[in-house]
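Since the structure comes first, as structure tokens, the remarks are kept for the end.
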Amino acid sequence: MKSTRNLLRAAFQSILKNRMRSLLTSLGIIIGVSAVIVMVSVGQGSQKQIEDNINALGTNLLIAYPGSASSSGARMGAGTRVRFSFADVEKLKKEATLLSAVSPLVMSGGQVIGGGKNWSTIVYGVSTDYFQIREWQVEYGNFFTEKDVAAKRKVAILGKTVANELFPDQDPTGQDIRIRNVPFKVIGVLKAKGQSGMGQDQDDMILAPSTTVFYRLKGGRWVDMINASAVSINDMDAAKEEMAAILRVAHKIEYGQEDDFTVRSQTEITEAVTETSRTMTLLLGAIAAVSLVVGGIGIMNIMLVSVTERTREIGIRLSVGARASDIMIQFLTEAVVLSVSGGIIGILLSGAVIMILDKFTTIYTAVNPEIIFISFLFSAIVGIFFGFYPARKAAAMDPIAALRYE
Amino acid sequence: MKTIIEARQLSRIYRVGEIDVHALRGVDLTIAEGELVAIMGASGSGKSTLMNILGCLDRPTSGRYYLDGREVNSLTNNDYAAIRNEHIGFVFQVFNLLARTTALDNVMLPLFYDRSHRIQDPNTAAKEALRRVGLEDRMDHEPNQLSGGQQQRVAIARALVNRPSIILADEPTGNLDSRTSIEIMALFQELNDQGITIILVTHEQDIASYTRRIISMRDGQIIRDIAVPQPRRAAADLASLPPPETEMIKEVRP
């Protein structure tokens, strides 16, 4: 213990005798460690941001899309791509035990005129379940009711973006707008959700009763999608199976035939998107790790110079009774102290950089304690690995030659 | 008197390229405890090689070497390191102090490698050694703040700190002016009076005249080995010299 302390003390003394050079030597490690931590934190931050955004779509979300991904148009006949109907939705509502809410989604694009302005957006025709499935909340006014849906009332709830475009800085509740020349009354404005994981503005849309959009805007052709909520996150897979099974019956698909629709769960969508950003994080981390290795080579370089420069010191130490192993340990300790100090400074530096990023930029960061520990450990290993060769070179010196070295 | 060094037919051959250089050719030498010996000779006479072998920094090509009655030829490198640490103190012509390191830390250096744990308190031992060479008030000075003579005193303190049985000095006055040289010789004589065996290599007859025995070498062999019945006393010579004004000027200017 005492000798370990002496060794560390000697290493620190020797490092402090050459402050500038020691700093420059450690710089590679400092930059390497902080690069690894910052890069991985930014990568994981954006990953987390994407996950958060996707989860903001609504938890336990299940989406049924029309048309099987593997079905071929030729076999099904040209122009007969199957969409969903209100009957499908009703069947799901009646028969599904694992779905807590089901809503059709009738989509219609179009020019919206209101407040003396106009805006091109998309109109979602939905049932009242939709608010629950997507966890929407109103900022002004109210949601429409089941009565509104049944009566095909021309009422609309504006997304925040649409509200801002048509009626800036005011509550548009009660105002009249025209969607593709069909008059609607604004009954509410949704609270903003911001961008989705895919970069879409989730607030650039209008919600209206599904029936209204179906019959007044689209001319009663089909339901584009079905959104549903599973009763719990643990039942997602079972709920997805149940939803698919009911739709197969509704669409009269026999055993062995391919589905003419696809059901995706929230988790699957999340995974697909986060997979990309995870790869990105890995890539960033790997590039930063390379700089850590380069930093290690820098340490080796300077240690080799230092061994040559301190040849006489090595000779003196040998002459007063140091063993070759003592010299070896001394230089190895110095290399490790240099790299570990560099690692610690690197961690502090990365902390500062991350704080600056959080404070002054919109870059999202997520600091993982694991990555701090790993990069610190890596810096110590780099010190041992790249300190070994110079240390061995120092230890192999002949005392007489070392003492005579000019 | 107890024999401390006994060398039998020591030879040392260096291979320089294709040529064998015979640095030592069958040296027989016996030195008793408490002696103050000068080894003289021109450069290339083999005196430094002999010194290195006696100091366990180098091994003879052939021949036997007994230190303190112990045959050291067959010992391992680590045993050699231990002998250098515990039995031998080196003093060099160029002082060989660690730069940017205080006198006290320089003197403590051998204790850093002391595995025998004979010395309990390195700090006290180092201060005591510095006191013995008269530098107790310069302990915190670094080598570049000390004069040549003072640096050599620090080196002698470092050689003393492990209480060695022998001090080996290789041209210890070679880089010093004549007055400082005599001061260093006075210190060696004082230490020798306290019972420490001292062997020094020199090519200056003046310096050798302060020792009790002069061994002359030529071409790797001892050609003369004479006792000095009445060595000069360096302390007395110092007293007869004019006051050290020049030395003081030298201290002011680096």
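Everything quoted here is computed from the prediction, not taken from an experiment. In what follows, chains carry the letters A, B, and so on, assigned in the order in which the sequence lines appear, proteins first and then strands, with residues in each chain numbered from 1.
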Nearest atoms (heavy-atom pairs only) where B:L176 meets B:S181: O-OG, 3.5 Å
A:R19, CZ: over 12 other non-hydrogen atoms inside 6.0 angstrom: no
Top contributor to chain B interface from A:A10, A:S319, A:P399 [non-hydrogen pairs under 4.5 Å]: A:S319
Under 4.5 Å from any heavy atom of chain A - which part of B:V94: side chain
Donor-acceptor contact below 3.5 Å, side chain B:R84 vs main chain B:C56: yes
Contact leader toward chain B among A:D398, A:I400, A:L318, where contacts are heavy-atom pairs under 4.5 Å: A:I400
Contact origin within B:Y80 toward chain A - heavy atom pairs under 4.5 Å: neither
Under 4.5 Å from any heavy atom of chain A - which part of B:L111: neither
Inter- and intrachain pairs under salt bridge (Lys or Arg N to Asp or Glu O under 4.0 Å), touching residues 281-305 of chain A, at least two apart: none
Region of B:D58 in contact with chain A, defined by heavy-atom distances below 4.5 Å: both
CZ (B:R118) with more than 12 external heavy atoms under 6.0 Å: yes
Part of B:D105 lying under 4.5 Å from any heavy atom of chain A: side chain
Under 3.5 Å: donor-acceptor pair, side chain of B:Q221, backbone of B:R218: no
Under 4.5 Å from any heavy atom of chain B - which part of A:R323: both
CE/B:M139: more than 12 non-hydrogen atoms of other groups inside 6.0 Å: yes
Structural part of B:A99 lying under 4.5 Å from a heavy atom of chain A: backbone
